[in-house]
Structures are given as structure tokens and as C-alpha cells.
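Down below is the structure, laid out as C-alpha cells.
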Protein chains: 2
Amino acid sequence: MTITLSAPRRVQASDAAATALKLYVVLARAQRAISEHTETDLAAHGLTITEFAILEALYHKGPLLLGEVQRKILVSSGGITFLVDKLADRGLVERKLCATDRRARYAALTRKGEALMDEVFPGHAEAIREAMAGLSRADQKKATALLKQLGLAAAADAKR
Amino acid sequence: MTITLSAPRRVQASDAAATALKLYVVLARAQRAISEHTETDLAAHGLTITEFAILEALYHKGPLLLGEVQRKILVSSGGITFLVDKLADRGLVERKLCATDRRARYAALTRKGEALMDEVFPGHAEAIREAMAGLSRADQKKATALLKQLGLAAAADAKR
DNA sequence: ACTAAGCATCTCACTACTAAGATAATAGAT
DNA sequence: ATCTATTATCTTAGTAGTGAGATGCTTAGT
């Protein structure tokens, strides 16, 4: 017992950093490995993850203001303009005026965009399920709880 | 009990996908929130995460072949050339010939690069520790174990 | 009404890469 | 020795964004 107590503080601090560093590395690597699966799946349909994220938001929530989409998928204001332009060029999304605010624009799926999502979404959900299959469902739930806590705390801390 | 048993298989499968999808979302968000902290910390020293990753590898392992660095930090072959060029322009890294293979080049920290890492590394480890502080150390270890398992399985599955 | 402040979106210049292919060197088989 | 396949790095063109600032619209205070 005295052995533990005699350990200097500095070692405690560096141990804590080492623990955090390990988590940092495996977090980055896991995210990357999973992303590679989902990117590959979507590339088969000619979509990037970000493009899919936009389509998915509109698919499940209906028309959204550009700013709402932007906050949801976490890109810059320039980025959302660029991405919606590209999706509009391909006829998957269209801009609509907002009746109550003439500054604002809605993004909405076209019929073609909706049809694409009908086709792509179930397979993509399945691809994610397969990518996560290295963990049992119980462990997936544990990991989800831990990562949610971690992410929320880190995001809150960033805002200060 | 008969209620549980009477549930159709299809619902089970879609439940599994829903579990995986939740994990997918929190994984991406946590990684992003943490990255924002580490990016901010490194930007104060004029470094990106990728540049730091190269310097860190050389700092702790000594000179490495460009290909070794590339595999370690997971960038393309063009990317490692570009990144080492930039670091070399700033005098932090230098290329050295390989005595036994004239195709190969070592990347090595210059004295200036080493001095920079002496200055930057401890603070960065501390910034990571703070970014992870939303989780107790015990939970950090749990998360590390789960993510390691997840990442290794996903990476192995990608290779097939 | 008028003005100041704040927003939503867009434009533009730039950055950090990737991917494909070129170049040069090496290793193995004949 | 020579040819082939492989490997290590570099070059080039293109992509998916970011960030600062511009524009046009709205809201609140006076």
C-alpha cells in the first residue's frame, strides 16, 4: 500500500495522458476503418459519405433549410452551398424558396433523389451493420453510451 | 414471453442495423469533437494533425523510411511526399539516403524539429488528456478495449 | 419610417489531401 | 547476364472541402 502512496504525482499525470492517448489512437483508427467500409459501399452508388448524409437527412426529415442541413452534417457554409449545388446538378435535390424568410432556402429531395434513397438506404444500413459486426450488439450499446458521453463532453468543452 | 418470440425476424435484423447506426453516428461525432480539440492545440504551433503525426513518429522511433511513415499515418504515397516536402521546407525534417536501397529515403527530424517536439509534445499530450476528460480513466480503458476490437475487426474485414 | 445589428446564403481563393501513372532501383527466375 | 515483376518514391491533375468576406434580407430599437 505504501508503494502506491509513494508514487509521485507526476507519474499519475503522465499515466492519465497515456490512457487518453491510447483512446485517441484507437478512436481515430476505428473511425477510419469503419469509414472505409461505408465509403466503399456508397461509392458503388456514386455517392460520398457527406452527400449521403445530406440525402439521408432530407429523406428522413423532409425539406430542411440549408443552415439546418449544415449544422446537422457539420460542414462550413461554403461547403453546404457546394454540396447542394452538386446534388442539384445531378437532379437529386432541389432548392425551394422559404415563404416566410426570403434570405433562406430549403433543400428538398426530388423524386429522383427519393428513388435513389429507396434503393440505396437499406443496403447502406446493412453495410454499417456488417462493418460493426466485430462487436456484439451488447458491446455496441456499451460503446455507444461511452462515446456519446465522450463526444458530448468534448463538444461542450470546445464551445468555451 | 410469447410476445418476444412472435416478433418477426425482419424486425430483429433492422434492430441490429439501428444499433449499429447509432454507434456509427456517435463514433463519428466523438472523433470529430476530439479532433477539434487536438487541431486547435496544434494550430497554435503551426502544425496540422497529420504533420504532427509524422513528427511524432520520427520523434519516438527515430529515422523511418518514407513508406514506413506512410503506413503508420495512413496517407497516400503522394501525400507523404507532399507532407515531408513541407516539413523539410520548414527545416523540421530532412531526407537521408538509405545505404542498402537506393530507391528508398529516410525521413529524420532535424535538430530544429526535435526542439519543436520537445516544446510541443508534452502540451499536446495534456490537451488530449483534457479532451478525453468527459470519461473517467476506467471508462476510457473500457472504450479503448471496445474500439480496439471494433477497429481491428473492421480493418481485417476490409482486406478481404 | 430609419437605422443598426444580426442572419442565411453565396462567392472566391486557398488547403490538404487522393489516385493514377511515371521513374528509378531491386530481386528473382531463367 | 537479361528479363520480368515488384517496390519506393515522386509528379500531376483533380477533389472535397474550409474560411473570410460579400450580398441581400430580417428584426429590434428608436
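In what follows, every chain begins at residue 1, and chains take the letters A, B, ... in the order their sequences are listed.
Listed by residue number, A:D101, A:R102, A:R103 are the residues of residues 96-107 of chain A with a heavy-atom contact under 4.0 Å to DNA chain D. Using a 4.0 Å cutoff on non-hydrogen atoms, no part of residues 44-61 of chain B comes near DNA chain D.
Residues B:R95 and B:D85 meet the side-chain proximity criterion, which asks for heavy atoms closer than 4.5 Å. Two residues are said to be in side-chain contact when any heavy atoms from C-beta on lie closer than 4.5 Å; A:L97 and A:R105 meet this criterion.
Bracketed by its first and final contacts, the part of DNA chain C lying under 4.0 Å from non-hydrogen atoms of chain B reaches from C:dA16 to C:dT26 in 5' to 3' order. Once you apply a 4.0 Å limit to the heavy atoms of chain B, the touched nucleotides of DNA chain D run 5' to 3' over D:dT7 to D:dT11.
Qualifying side chain to side chain contact (heavy atoms under 4.5 Å, CB included) partners for B:E39, counting only residues two or more places apart in sequence or in other chains: B:S35, B:I49. For A:H124, the ring-ring contact (aromatic ring centres under 6.0 Å, His included) criterion is met by A:F52, not counting sequence neighbours. Shown here are the side chain to side chain donor-acceptor pair (under 3.5 Å) partners of A:R71, two or more places apart in sequence or in another chain: there are none. Residues that satisfy the side chain to side chain donor-acceptor pair (under 3.5 Å) test with A:T19, not counting sequence neighbours, are B:R137. Listed by chain and residue number, A:D101 satisfy the side chain to side chain donor-acceptor pair (under 3.5 Å) test with A:R103 (two or more places apart in sequence, or in another chain). Residues passing the side chain to side chain donor-acceptor pair (under 3.5 Å) test with A:D118 are A:Y59, sequence neighbours excluded.
Residue B:R71 is out of contact with every strand shown, counting any heavy-atom pair closer than 4.0 Å. If you check every strand for non-hydrogen atoms under 4.0 Å, B:G67 touches sugar and phosphate atoms only.
Here B:D15 does not pair with A:R129 in a salt bridge; the nearest charged N to carboxylate O distance is not below 4.0 Å.
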Checklist entry - Is there a side-chain contact (heavy atoms from CB on, under 4.5 Å) between A:L109 and A:L116 once you walk through the steps? => result CA-CA 10 Å; A:L109 285 188; A:L116 179 66; over 6 Å; no

Checklist entry - Do A:E68 and A:K72 pass the salt bridge (Lys or Arg N to Asp or Glu O under 4.0 Å) test, and can you show the C-alpha distance, the side-chain angles, and the key distance before you say yes or no? => result CA-CA 6 Å; A:E68 292 173 331; A:K72 198 158 171 42; over 6 Å; no

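Listed by first and then second residue, the salt bridge (Lys or Arg N to Asp or Glu O under 4.0 Å) pairs that reach into residues 40-59 of chain A are A:E51-A:K86, A:E51-A:R90, sequence neighbours excluded. Within the structure, the ring pair (Phe, Tyr, Trp, His ring centres under 6.0 Å) test picks out the following pairs touching residues 60-110 of chain A (sequence neighbours left out): A:H60-A:F121.
Heavy-atom distances to DNA chain D give each of A:L83 and B:S77 a nearest nucleotide, and the one nearer the 5′ end belongs to B:S77.
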